[in-house]
Participant: 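I'd like to ask some things about the structure below.
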Amino acid sequence: MIERTTIAFFGRTNAGKSLLVNAVTNQDVSIVSEIKGTTTDPVKKVMELLPIGPVTIVDTPGLDDDTQLSKERTHKAEEVLNSAQLAVLVIDAEKQKAAGELENHLIEIFKKKNIPYLTVFNKCDLLKSSPAPAAANEIYVSALTKENINLLKDKLGQLSKSSKNLKPLVTDILDKKSPVILVIPIDQSAPKDRLILPQQMVLRELLEAQITALCCQPENLLQCISQLSGPPQLVITDSQAFEKVNRLLPPTIPLTSFSILMARYKGSLEQSLCGAEMLDKLHNGDKILISEGCTHHRQCGDIGSVKLPAWISAYTGKKLSFNFTSGKDFPSSLTDFRLVIHCGACMLNENEMKNRLLLCKNQGIPITNYGMVIAKTRGILEKSLEPLKKRKEKREN
């Protein structure tokens, strides 16, 4: 899996954000002009940036124009804060004495959202001499002459390293003594020529930990187990195959799903578990939001828009109303909904998912995820959580 660090550049118009982005990336990512407000929408560049690694660089519009169009641009720039993992506040070094309310407002948001940030005084080549930075997270640079650009990248690298959460997906509940079986259905909804991201992530993590991993489709599960000298220590399945895999699997072999592991990885396990209990409390006419982080082409039998509504309706016996969102589209007001059901969020970074979880929590709306809903409706939710609980009990003891 490639987990990219999202680095967003903020500041006033003509502070030199776009030229600075181009200098940091050593590419012409953004249009540079003396005309105020040239950058009208967030500009994104996916690349490798040393010493950080895979990154998404975001150049945002200036945030100090009072026109109606600029207010819309400012709103889009502020939306970037929901996904930013590092922030760069760019200030014109010649005008730093004029910096104040806007910059302080941005810093308050960075702190509120726990986004590590650097304050970069650009255009230091226009100063008679660059003063010493007043804080460790400040630096004077010149995007034009490239002065201190490498130092800026080093600081971003240090900030990225200190902010990364290196928690595992599954290897902390496993040992190296016995294999793990991954059940991966290949059907009409499976992406052509590739595995979906959670499957890639788990497989890569198992290989890096030197834990033997065997992959099979649901119908080959028993054959796969029979070829082993002993039982696997865990079976991880695509949630859509939960029912079939559980039926085939001997009850002594632990079972969970990629989606449940993703909920744990994204920090939403406990909140999602509470949300799953809401399925037993729904009434006729309740509205449910089903949200996906990606924007894949929906096919017949799509899990989000077809299978989940059918399974939930059958389980509850209620006449429910379903709404759907995908990608970056997630409503800011959720009060019309009794429950939010989210995908595994593999295409959203941790900050994006945390913001969605917090939005639900602040508005008192339960949220759960696909895997937990499927396990709940199949009566195997407790079983699918058992491998994670055993690890937690072991740590507490």
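What you see below is based on every heavy atom in this structure, not just the backbone, and it leaves out hydrogens, waters and symmetry mates.
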Participant: Start with the C-alpha gap between Phe10 and Tyr117, add the side-chain angles, then the distance that decides, and say whether ring-ring contact (aromatic ring centres under 6.0 Å, His included) holds.
Facilitator: CA-CA 10 Å; Phe10 300 92; Tyr117 70 96; over 10 Å; no
Participant: Does CG in Asn220 sit with more than 12 non-hydrogen atoms of other residues, nucleotides or ligands closer than 6.0 Å?
Facilitator: yes
Participant: Do Leu20 and Ile149 touch side chain to side chain, with heavy atoms closer than 4.5 Å?
Facilitator: yes
Participant: Would you say CD of Glu101 has more than 12 non-hydrogen atoms from neighbouring residues, nucleotides or ligands within 6.0 angstrom?
Facilitator: no
Participant: Just checking, is any N or O donor in the side chain of Gln271 or Lys361 under 3.5 Å from an acceptor N or O on the other one?
Facilitator: no
Participant: Using 30° and 60° as the class boundaries, would you call the ring planes of Tyr140 and Phe121 parallel, tilted or perpendicular?
Facilitator: parallel
Participant: Can you check side-chain hydrogen bond (donor to acceptor under 3.5 Å, both in side chains) on Asp59 and Ser18, steps first, answer last?
Facilitator: CA-CA 6 Å; Asp59 181 16; Ser18 296; 2.6 Å; yes
Participant: Heavy-atom distance under 4.5 Å between the side chains of Leu308 and Asp302, does that happen here?
Facilitator: no
Participant: For Lys354, is there an ion pair with Glu350 - N to carboxylate O distance below 4.0 angstrom?
Facilitator: yes
Participant: Could you tell me if Asn351 and Lys113 have a donor-acceptor pair between their side chains, going purely by distance under 3.5 Å?
Facilitator: no
Participant: Per the side chain to side chain contact (heavy atoms under 4.5 Å, CB included) rule, which among Leu289, Asn355, Leu348 passes with Phe330?
Facilitator: Leu289
Participant: Any carboxylate oxygen within less than 4.0 angstrom of a Lys/Arg side-chain nitrogen, looking at Arg204 and Glu208?
Facilitator: yes
Participant: Same cluster or not: are Leu214 and Leu222 linked, directly or through other Ile, Leu, Val, Met, Phe, Trp or Tyr residues, by side-chain heavy atoms under 4.5 angstrom apart?
Facilitator: yes
Participant: Going by an N to O cut-off under 4.0 Å, is there a salt bridge joining Glu94 and Lys123?
Facilitator: no
Participant: Could you tell me whether the side chain of Leu381 reaches within less than 4.5 Å of the side chain of Met372, counting heavy atoms only?
Facilitator: yes
